[in-house]
Colleague: 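Shown below is the structure under consideration.
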Amino acid sequence: MKSPLLTLPGAVPAEGVDEGVAAHYGDLFREQRALADGTGFVDLSHRGVVTVTGPERLGWLHLLLTQHVSELPPHQATEALILSAHGHIEHALYLVDDGETVWAHVEPGTQEALIAYLESMKFFYRVEVADRTADIAVVHLPAGSIAEVPEGVVVRETPYGRDLFLPRADLESYAGKAGPPAGILAHEALRVEQYRPRLGFETDHRTIPHELGWIGGAVHLQKGCYRGQETVARVQNLGRPPRRLVFLHLDGSEVHLPTPGTEIRLADDGPDGRRIGFVTTSARHHELGPVALALIKRNVPVDARLIAGETAAAQETIVEP
């Protein structure tokens with residue numbers, strides 16, 4: 001779904017998964033600094049929006065999600081995962097309940113598969129699931145923003161800012177009032193700085209929550225059964241995940257960033273050494289320079305010098321080995 005904000009001055013379309021919104025509006029670092037200072041907004045209208053209504057919505061979702069939501073207070077933001085039977089991450093949901101409806105935004109293009117799964121699990125529960133992507137657009141206001149929120153708009157407030165579930169018909173008019181626009185690249189650079197994983201970027205077909213530090217934030221360890229819980233409990237109580245998420249400071253003298261999937265090796269072994277991981281997201285940060293998130297083998301020493309492709313990289317620990 002192509003955003004009407006791509007007609008704003010300087011807008012350069014994003015590619016890949018984020019196609020449909022602006023990558024930037026002409027000045028990546030200015031846009032990052034604005035968000036870091038609590039001004040402006042990010043157009044996330046390409047993300048999927050799913051709602052669940054009905055008197056049993058929270059109790060029903062509690063059975064399916066990794067998060068404890070049976071008693072979720074109105075207007076309290078949370079996030080949750082849906083796992084496979086083997087504990088691998090299939091969906092990530094960013095949730096809020098307004099007292100009558102659970103609102104969730106999800107990765108672009110994943111809402112149809114998510115809804116199909118939810119529909120298959122309805123049984124006799126009094127719930128209704130709907131795809132609201134066509135009429136609701138997600139807009140992100142950074143932490144500290146004083147931008148006004150239109151009356152009646154559902155808000156998901158987090159330490160990183162506010163996600164607005166805005167009527168898509170109001171997107172252009174709201175953009176004119178919300179301050180300078182920032183593109184998805186600025187939003188992604190700050191996400192990397194904040195160590196926040198993203199489905200389809202930091203995940204592959206075998207990722208489990210422990211590898212990304214999603215335990216506690218999106219996975220509640222003291223709730224009842226859900227699909228994949230056995231794997232979560234086994235890793236939590238008996239072992240360690242096979243991989244761990246790290247933050248990389250990249251050599252700033254390189255012209256090009258290592259792309260997602262770039263293989264990581266120990267610097268001492270050189271570019272022909274054994275593969276120990278791969279880059280998941282890379283970005284140019286307005287203060288830190290070139291940075292990245294990466295998944296590496298758990299037993300790699302935390303002080304080991306790395307190379308991503310041919311780019312030297314120093315690691316910061318996100319998930320303990």
Colleague: Under the side chain to side chain contact (heavy atoms under 4.5 Å, CB included) criterion, do Asp268 and Arg305 qualify, and how do the steps go?
Modeller: CA-CA 7 Å; Asp268 291 344; Arg305 296 181 304 114; 2.5 Å; yes

Colleague: Please check if the number of heavy atoms outside Ile146 that lie under 6.0 Å from its CD1 is greater than 12.
Modeller: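 No.
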
Colleague: Assess the side chains of Asp37 and Thr39: does a donor N or O sit below 3.5 Å from an acceptor N or O?
Modeller: no

Colleague: Would you please say whether a donor-acceptor pair under 3.5 Å links the side chains of Thr207 and Asp204?
Modeller: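 Per modelled atom types, Thr207 and Asp204 side chains form a pair under 3.5 Å.
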
Colleague: Is Asp97 paired with Arg57 through a side-chain N to carboxylate O contact shorter than 4.0 Å?
Modeller: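 Yes, charged N to carboxylate O under 4.0 Å.
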
Colleague: Nearest 0.5 angstrom please: Thr262 OG1 to Leu250 CG, how far?
Modeller: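 One gets 9.5 Å once the value is rounded to the nearest 0.5 Å.
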
Colleague: May I ask you to test the Phe201-Pro260 pair for a side-chain heavy-atom distance under 4.5 Å?
Modeller: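 No. Closest side-chain heavy atoms not under 4.5 Å.
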
Colleague: Using the ring centroid of each side chain, check whether His62 and His68 are separated by less than 6.0 Å.
Modeller: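 So the answer is yes for these two rings.
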
Colleague: Establish, yes or no, whether the cationic atom of Arg284 lies under 6.0 Å from the six-membered ring centre of Phe29 and within 45° of the ring axis.
Modeller: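 Output no; distance or angle outside limits.
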
Colleague: We want to know whether Arg191 and Thr281 form a side-chain donor-acceptor pair, criterion being a heavy-atom distance below 3.5 angstrom.
Modeller: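 Yes - a donor-acceptor pair under 3.5 Å links their side chains.
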
Colleague: Under a single-linkage definition using a 4.5 Å side-chain heavy-atom cutoff for Ile, Leu, Val, Met, Phe, Trp and Tyr, are Ile307 and Leu293 assigned to the same hydrophobic cluster?
Modeller: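 Ile307 does not cluster with Leu293.
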
Colleague: Would a single hydrophobic cluster contain both Val96 and Leu65, if residues Ile, Leu, Val, Met, Phe, Trp and Tyr are joined by side-chain heavy-atom contacts under 4.5 Å?
Modeller: no

Colleague: What closest approach, in Å, do Gln67 and Ala80 show between heavy atoms, and which atom pair accounts for it?
Modeller: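 Residues Gln67 and Ala80, closest heavy atoms: CB-CB, 3.5 Å.
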
Colleague: I need the Leu212 CG to Arg243 CZ distance, nearest 0.5 Å.
Modeller: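 The CZ atom of Arg243 is 8.0 Å from CG of Leu212, to the nearest 0.5 Å.
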
Colleague: Give a yes-or-no answer on whether the side chains of Gln315 and Arg244 include a donor-acceptor pair shorter than 3.5 Å.
Modeller: yes

Colleague: Check whether more than 12 heavy atoms from other residues, nucleotides or ligands sit under 6.0 Å from atom CD of Glu90, and answer yes or no.
Modeller: yes

Colleague: Would you check, one step at a time, whether the test side chain to side chain contact (heavy atoms under 4.5 Å, CB included) holds for Glu112 with Ile115?
Modeller: CA-CA 5 Å; Glu112 290 185 6; Ile115 289 172; 5.9 Å; no

Colleague: Spell out, yes or no, whether Ile82 and Ile208 are grouped together once hydrophobic residues are joined by side-chain heavy atoms under 4.5 Å, including indirect joins.
Modeller: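 No, separate clusters.
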
Colleague: Could you please spell out the steps behind the side chain to side chain donor-acceptor pair (under 3.5 Å) verdict for Glu31 and His24?
Modeller: CA-CA 8 Å; Glu31 295 165 30; His24 61 83; 4.8 Å; no

Colleague: I need the minimum non-hydrogen distance between Leu171 and Ser3, along with the two atoms involved.
Modeller: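 In this case the closest contact between Leu171 and Ser3 is CD2-OG, 3.9 Å.
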
Colleague: Working to the nearest 0.5 angstrom, can you tell me the gap between Arg33 CZ and Leu35 CG?
Modeller: 11.5 Å

Colleague: Over all heavy atoms of both residues, which pair between Arg156 and Thr78 is shortest? Give the atoms and the distance, please.
Modeller: NH2-O, 3.0 Å

Colleague: Assigning hydrophobic clusters by single linkage (Ile, Leu, Val, Met, Phe, Trp, Tyr; side-chain heavy-atom cutoff under 4.5 Å), is Tyr174 placed with Met1?
Modeller: no

Colleague: Would Leu93 and Leu81 satisfy side chain to side chain contact (heavy atoms under 4.5 Å, CB included), going step by step from the backbone distance to the final call?
Modeller: CA-CA 6 Å; Leu93 295 81; Leu81 308 175; over 6 Å; no

Colleague: Is there side-chain contact between Leu95 and Val102, with heavy atoms separated by less than 4.5 Å?
Modeller: yes

Colleague: Is the closest side-chain heavy-atom distance between Leu164 and Val154 below 4.5 Å?
Modeller: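 No, their side chains stay 4.5 Å or more apart.
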
Colleague: Can you tell me how the ring of His105 sits relative to the ring of Phe165, calling it parallel under 30°, perpendicular over 60° and tilted otherwise?
Modeller: tilted

Colleague: Looking at CG of Leu61 and CG of Leu118, how far apart are the two atoms once the value is rounded to the nearest 0.5 Å?
Modeller: 7.0 Å

Colleague: For Ala178 and Ala147, work out which heavy atoms get closest and say how close.
Modeller: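 Where Ala178 meets Ala147 most closely, the heavy atoms are O-CB, 4.3 Å.
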
Colleague: With a 4.0 Å cut-off, would you call Lys122 and Glu56 a salt bridge?
Modeller: no

Colleague: Of the non-hydrogen atoms in Ala218 and Thr66, which two are nearest, and what is the gap between them?
Modeller: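 What the structure gives for the nearest pair is O-OG1, 2.6 Å.
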
Colleague: Less than 3.5 Å apart, any donor N or O on the side chain of Asp18 or His46 sitting next to an acceptor on the other?
Modeller: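 His46 and Asp18 do have a side-chain donor-acceptor pair below 3.5 Å.
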
Colleague: With heavy-atom distances below 4.5 Å as the criterion, would you say the side chains of Thr133 and Arg168 are in contact?
Modeller: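 A side-chain contact under 4.5 Å exists here.
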
Colleague: Please confirm whether the backbone N or O of Glu263 pairs with a side-chain atom of Arg275, one donor and one acceptor, at under 3.5 Å?
Modeller: no

Colleague: What are the two closest non-hydrogen atoms of Leu6 and Pro13, and how far apart are they?
Modeller: CD2-CA, 4.0 Å

Colleague: Salt-bridge test for Arg198 and Glu107: reply yes if a basic N is under 4.0 Å from a carboxylate O, no otherwise.
Modeller: yes

Colleague: To the nearest 0.5 Å, how far apart are CG in Leu245 and OG1 in Thr280?
Modeller: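 The OG1 atom of Thr280 is 6.0 Å from CG of Leu245, to the nearest 0.5 Å.
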
Colleague: Do the non-hydrogen side-chain atoms of Val50 and Leu114 ever get within less than 4.5 Å of each other?
Modeller: yes

Colleague: Is Val246 close to Leu295 at the side-chain level, that is, under 4.5 Å between some pair of heavy atoms?
Modeller: no

Colleague: State whether the number of non-hydrogen atoms from other residues, nucleotides or ligands found under 6.0 Å of Glu148 atom CD is greater than 12.
Modeller: no

Colleague: Is any side-chain heavy atom of Leu306 less than 4.5 Å from a side-chain heavy atom of Leu266?
Modeller: yes

Colleague: Do the side-chain N and O atoms of Tyr195 and Glu316 include a donor-acceptor pair separated by under 3.5 angstrom?
Modeller: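 A donor-acceptor contact under 3.5 Å links the two side chains.
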
Colleague: Do Pro181 and Phe41 have side chains that approach each other closer than 4.5 Å (heavy atoms only, starting at C-beta)?
Modeller: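 They are in contact (side-chain heavy atoms under 4.5 Å apart), so the answer is yes.
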
Colleague: Would His187 and His140 count as a ring-ring contact (aromatic ring centres under 6.0 Å, His included) if you check the C-alpha gap in whole Å, the side-chain angles of each, and the deciding distance to 0.1 Å?
Modeller: CA-CA 9 Å; His187 187 262; His140 176 76; 5.0 Å; yes

Colleague: Decide yes or no on side chain to side chain contact (heavy atoms under 4.5 Å, CB included) for Val139 and Asp163, but give the supporting numbers first.
Modeller: CA-CA 6 Å; Val139 172; Asp163 298 334; over 6 Å; no

Colleague: Leu64 and Tyr226: same hydrophobic cluster, using ILVMFWY side-chain contacts below 4.5 Å?
Modeller: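 Result: no, two separate clusters.
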
Colleague: Looking at Tyr125, I want to see if its OH is surrounded by more than 12 non-hydrogen atoms of other residues, nucleotides or ligands under 6.0 Å.
Modeller: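 Incorrect, the count does not exceed 12.
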
Colleague: Tell me whether the count of non-hydrogen atoms from other residues, nucleotides or ligands lying under 6.0 Å of CD in Glu310 goes above 12.
Modeller: no

Colleague: Which label fits Phe247 and His249: parallel for a plane angle under 30°, tilted from 30 to 60°, or perpendicular past 60°?
Modeller: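 Aromatic pair Phe247/His249 classed perpendicular.
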
Colleague: Looking at OG1 of Thr259 and CZ of Phe278, how far apart are the two atoms once the value is rounded to the nearest 0.5 Å?
Modeller: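 The distance works out to 12.0 Å.
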
